[in-house]
Amino acid sequence: MFFMDIFHSSILFFYHITEKRKKNRKFVIFKFIYKKYFTMRQTQFFIPTLKELPNEAKIPSHQLMLRAGLVRGLAAGVFSFLPLGYRVIKKIMTILREEIDAIGGQEFLLPALNPIEIWEQTNRVEAMGDVLFHIKNRDGLVLAPTHEEIITYHAKQHIQSYRDMPQIWYQIQTKFRNEPRPKSGVLRGRQFIMKDAYSLDNSWEGLDLAYQKHYDAYVKIFNRCGIKFFVVGASSGAMGGKQSQEFMVESNSGEDVCAISENYAANLEVATSNVPPVSRIDKNPEIEEFATPNAKTIDDLVEQFAIPEERCAKSVLYMVDDKPWLILMRGNDELNETKLQAVAGTTNIRYIAPEELKELTGAEHGSIGPVNIPKNIKVVADLLLKNANGMVSGANKDGFHLKNIDLARDAKIDNYFDLRTVKEGELCIETGKPLRVVKAIELGHIFKLGTRYSQALEANFLDADGKTNPIIMGSYGIGVERIMACYIEQNFDDKGIIWNNTLAPFSVHLLGLNSHKSEEVAQACEEIYNKLNTENIETLFDDRAETAGVKFNDADLLGLPVQVIVGQKNLKENNIEIKVRRTDERFIIKLDELITWLKKFFDNK
RNA sequence: CGGGGCGUGGCGCAGUCCGGCUAGCGCAUCUGUUUUGGGAGCAGAGGGUCGUAGGUUCGAAUCCUAUCGCCCCGACCA
């Protein structure tokens, strides 16, 4: 039996003694035949399973990745992948390679050590701040948090003509980000593997095409992985760029919030809904001041003065690039800061401090309003308030409000924008059905970058007219560990992980019950084991001297798709048992039907 | 960075408030023996400077000070 292992594990070689050799011993031809190793004995494979829940893990995927011996933590947000977990990572990488290769991607291996100068040129040393790791004992080097700059640098070196494009360049590599708060196991780490692709084009139409190719590839990738996902329109944030979409997995462990319904999904940062604007009312008397000594909030006004909530206009003040803005929102609508950043064209915004508020308006929080606001304050309002009248708002005098405000008549609104945060239950702009607001994990993000990086680094090309233009770029990322964690978040039960055959570290778990005691079982297992290897079916053989219960529980925890259970009782009838992990279905079949059964099972998957 | 929780054999925890025998328990490990289809029984054994440093004290896991690390909530998040 042991000999069989040597036989499979080593490179098999045969050598022919050629006719020549018989005549002349100098010429010997060796012919090597490599047999891939498809099987592994658990006694020789490092799988440290944990019976109890590790204290540091709070979410299911993290707990199970630790318990099933896939990963171990090393520091906050830093993980080692153990052999079993790394097998899953490699399977994910294979799928990523296949699908990105299929759209013409070319894989690079890029350095993690980057000269800081390049990052200074795109102004991202400042933009990234503490997130960028700096090397302490070697000035001028940083750890790459992503690779737009490096790709653009190489493009600048060698892409000279419009004829050199389009290009899709990608990498699957470790990136480093000094996250202020790593959490949720591998979901947010300081070091993580990312598939990052970059498209280089000579036209905006070319970018659209590259973007669409990646969109389609991403759909294929996540479908192949068996992950349930949705796509949302997203804010491109500090990345800059024209358009971006995120591939999301609904999960309570997620950090993003999305509004979704049947045909609509958007990150809450940009989501809109169908809410009727505040209507105009016929009676439109003059403004009237009234005392509201005990009303600091909209709820207070509604309660104390029986004013309908939608007739209240809430004012909040922000400093936008150090200039004061008054933002007018309907009733208890919540201002969406990302939307404000988008219309302001800057991420440099902050809620105003109380003393600044007093100085600027003469009133305190709760008594601010758009009427007679000092001219140096820019006033913007939410779209729902456009031309509304009969409104109540602060009088810019502590303890007083104004009623009968006609925003068109009495206030100078500089601009109306969509600024509100969508709420659960509001109607979808596409279908008219209620929106759900859910937490989600961002698995992938595709961006139309445009020329931000090529302009900053002067990566230009000559077009057909001989004119110089910046290369038009896109950037497309997928978190490799996140695929693994998200899959587990969606596929587990109280016993453990439930792998599909695509991502499973092995396809089959061969369990020899008391194989260390029963020569009969041991022998049958060896036969099956060797057969599975010959048939190229990835198999983990539990040949440990453990009791049946231990093997069953570990098998369920590891969650390989099919368990082949060899026990003495069934063996007497020349039978073995098969258990399908996901459904818990059990089949008793003849020993010699196994391969046929497995092939049929995996083909149908 | 703000708020909270936690650091005690490999893992999970008790003990800490109120200082005092040799620092306990479960799991795991090792030896022997019995058992053998859902985390076995019995008998024995090994393994911990109680995160670290300083201080108080006759005496510190326990009290004080500082510091490091991990987890959670918030801020942040290309």
Side-chain angles (χ1 to χ4, degrees), chain A residues 48-59 62-63 66-67 69 72-78 119 122-132 144-149 175-185 187-190 192 194 196 198 234-241 244 246 253-257 267 269 337-338 341 347 350-351 441-442 444-447 449 452-453 475-477 479 494-496 511-518 521 542 544-557 563 565-572 575-577 579 584 586 588:
Chain A
T49 57
L50 264 34
K51 207 189 285 188
E52 289 177 277
L53 277 183
N55 179 33
E56 79 257 25
K58 301 291 185 276
I59 67 167
H62 190 195
Q63 291 172 339
L66 290 169
R67 288 226 295 136
R72 284 295 178 267
L74 190 60
V78 181
W119 289 83
T122 54
N123 202 29
R124 287 176 103 192
V125 175
E126 198 195 335
M128 295 233 151
D130 279 342
V131 172
L132 187 66
T146 172
H147 284 83
E148 278 84 10
E149 276 78 355
K175 314 237 168 177
F176 299 87
R177 292 182 196 177
N178 186 23
E179 293 290 346
R181 188 179 153 208
K183 60 174 179 175
S184 307
L187 281 178
R188 177 168 289 276
R190 290 205 160 98
F192 57 95
M194 191 170 185
D196 222 355
Y198 308 90
S235 157
S236 41
M239 275 299 270
S244 90
E246 291 167 328
S253 310
E255 300 175 90
D256 287 85
V257 186
N267 195 304
E269 292 171 347
E337 292 196 357
T338 311
Q341 287 176 347
T347 53
R350 63 176 173 85
Y351 192 73
I441 298 164
E442 178 188 350
H445 203 160
I446 54 179
F447 281 98
L449 285 179
R452 171 175 169 178
Y453 297 93
S475 144
Y476 317 90
D494 55 348
K495 299 237 172 200
L511 307 183
L513 302 188
N514 299 309
S515 52
H516 58 300
K517 292 285 174 63
S518 157
V521 170
D542 192 347
R544 296 175 302 166
E546 292 286 354
T547 60
V550 171
K551 293 191 181 190
F552 286 137
N553 281 304
D554 269 351
D556 287 344
L557 176 60
Q563 294 169 16
I565 302 162
V566 182
Q568 216 155 5
K569 275 183 234 154
N570 281 322
L571 213 49
K572 284 209 172 77
N575 286 337
I576 50 174
E577 180 180 340
K579 171 179 160 175
D584 201 28
R586 286 151 198 275
I588 308 284

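Heavy atoms only: backbone and side chains are in, while hydrogens, waters and symmetry mates are out. Each chain gets a letter, A, B and so on, in the order the sequences are listed, and its residues count up from 1.
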By the 4.0 Å heavy-atom rule, please label [X] as base, sugar-phosphate, or nothing.
X: A/Lys183; answer: sugar-phosphate
X: A/Lys495; answer: base
X: A/Arg350; answer: nothing
X: A/Ala57; answer: nothing
X: A/Thr49; answer: nothing
X: A/Leu50; answer: nothing

>> Can you list everything that forms a ring-ring contact (aromatic ring centres under 6.0 Å, His included) with A/Tyr198? Sequence neighbours excluded, please.
In response: none

>> Just to verify, what does A/His147 make a ring-ring contact (aromatic ring centres under 6.0 Å, His included) with, not counting sequence neighbours?
In response: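 Listed in chain order: nothing, the list is empty.
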
Could you check which nucleotide pairs with [N] in any of the strands shown, counting Watson-Crick or G-U wobble with both distances under 3.5 Å?
N: B/C25; value: B/G12
N: B/C58; value: B/G20
N: B/C30; value: B/G44
N: B/G37; value: none
N: B/C6; value: B/G69
N: B/C50; value: none
N: B/C76; value: none

Side chains of [X] and [Y]: is there a donor and an acceptor less than 3.5 Å apart?
X: A/Gln568; Y: A/Asn514; answer: no
X: A/Gln563; Y: A/Asp556; answer: yes
X: A/Ser184; Y: A/His62; answer: no

>> Can you tell me how far apart CG (A/Asp554) and CG (A/Asp542) are? Round to the nearest 0.5 Å.
In response: 7.0 Å

> Once you round to the nearest 0.5 Å, how far does CG of A/Asp256 lie from CD of A/Glu246?
Replying inline: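 Separation between the atoms: 5.5 Å.
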
Specify the separation, in whole Å, of atom [atom1] of [X] and atom [atom2] of [N].
X: A/Asp554; N: B/A28; atom1: CG; atom2: C1'; answer: 13 Å
X: A/Asp584; N: B/G37; atom1: CG; atom2: C1'; answer: 14 Å
X: A/Tyr351; N: B/C76; atom1: OH; atom2: P; answer: 14 Å
X: A/Leu74; N: B/G69; atom1: CG; atom2: P; answer: 13 Å
X: A/His62; N: B/C72; atom1: NE2; atom2: C1'; answer: 13 Å
X: A/Gln63; N: B/C70; atom1: CD; atom2: C1'; answer: 16 Å
X: A/Glu52; N: B/A28; atom1: CD; atom2: P; answer: 10 Å

Out of [options], which has the shortest distance to the side chain of [X]?
X: A/Lys579; options: B/G38, B/C77, B/G37; result: B/G38
X: A/Lys569; options: B/C77, B/C71, B/G37; result: B/G37
X: A/Phe552; options: B/C70, B/C72, B/G37; result: B/G37

> Is the shortest distance from a Lys or Arg side-chain nitrogen in A/Glu148 or A/Arg124 to a carboxylate oxygen in the other one below 4.0 Å?
Replying inline: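 Judged by the 4.0 Å cut-off on N to carboxylate O distance, A/Glu148 and A/Arg124 do form a salt bridge.
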
> Using 4.0 Å as the upper bound for N to carboxylate O, is an ion pair formed by A/Arg188 and A/Glu179?
Replying inline: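 So A/Glu179 pairs with A/Arg188 through a salt bridge.
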
Suppose you measure atom [atom1] in [N] against the same atom in [M]; what distance do you get, rounded to whole Å?
N: B/A61; M: B/C17; atom1: P; value: 12 Å
N: B/G46; M: B/G32; atom1: C1'; value: 15 Å
N: B/G54; M: B/A60; atom1: P; value: 13 Å
N: B/U56; M: B/C13; atom1: P; value: 35 Å
N: B/C73; M: B/C30; atom1: P; value: 38 Å
N: B/G26; M: B/C63; atom1: C1'; value: 30 Å
N: B/G15; M: B/G20; atom1: C1'; value: 14 Å
N: B/G48; M: B/G24; atom1: C1'; value: 11 Å

> Mapping A/Leu557 and A/Met194 to their closest nucleotides on RNA chain B, which lands nearer the 5' end?
Replying inline: A/Leu557

> Starting at the 5' end of RNA chain B and moving along, which residue's nearest nucleotide shows up first, A/Pro54 or A/Glu337?
Replying inline: A/Pro54

Distances under 3.5 Å only, N/O to N/O: pair up the protein atoms with those of nucleotides 33-36 of chain B.
from	atom 1	to	atom 2	distance (Å)
B/U35	O4	A/Lys517	NZ	2.6
B/U36	O2'	A/Asn514	ND2	2.8
B/U36	O2	A/Asn514	OD1	2.5
B/U36	N3	A/Lys517	NZ	3.3
B/U36	O4	A/Lys517	NZ	2.4

Sort me out a list of protein N/O and nucleotides 1-6 of chain B N/O pairs below 3.5 Å, or just none if empty.
none

> Where do A/Met128 and A/Pro145 come nearest, in terms of heavy atoms and distance?
Replying inline: SD-CG, 3.5 Å

> What pair of heavy atoms forms the shortest contact from A/Phe552 to A/Leu513, and how long is it?
Replying inline: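 Looking at all heavy atoms of both residues, the closest pair is CZ-CD1, 3.8 Å.
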
> Do the non-hydrogen side-chain atoms of A/Glu337 and A/Glu269 ever get within less than 4.5 Å of each other?
Replying inline: no

> Between A/Arg67 and A/Glu52, is a salt bridge (Lys or Arg N to Asp or Glu O under 4.0 Å) present by the stated rule, with each step listed?
Replying inline: CA-CA 8 Å; A/Arg67 288 226 295 136; A/Glu52 289 177 277; over 6 Å; no

Which atom pairs link the protein and nucleotides 42-44 of chain B when you take only N or O atoms and keep those under 3.5 Å?
none

>> Taking only side-chain N and O atoms of A/Lys51, does any of them lie within less than 4.0 angstrom of OP1 or OP2 on B/G12?
In response: no

> Within the side chain of A/Gln63, is there an N or O that forms a donor-acceptor pair under 3.5 Å with the backbone of A/Ala57?
Replying inline: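 Present.
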
> What pairs with A/Arg586 under side chain to side chain donor-acceptor pair (under 3.5 Å), at least two apart in sequence or on another chain?
Replying inline: A/Glu577, A/Asp584

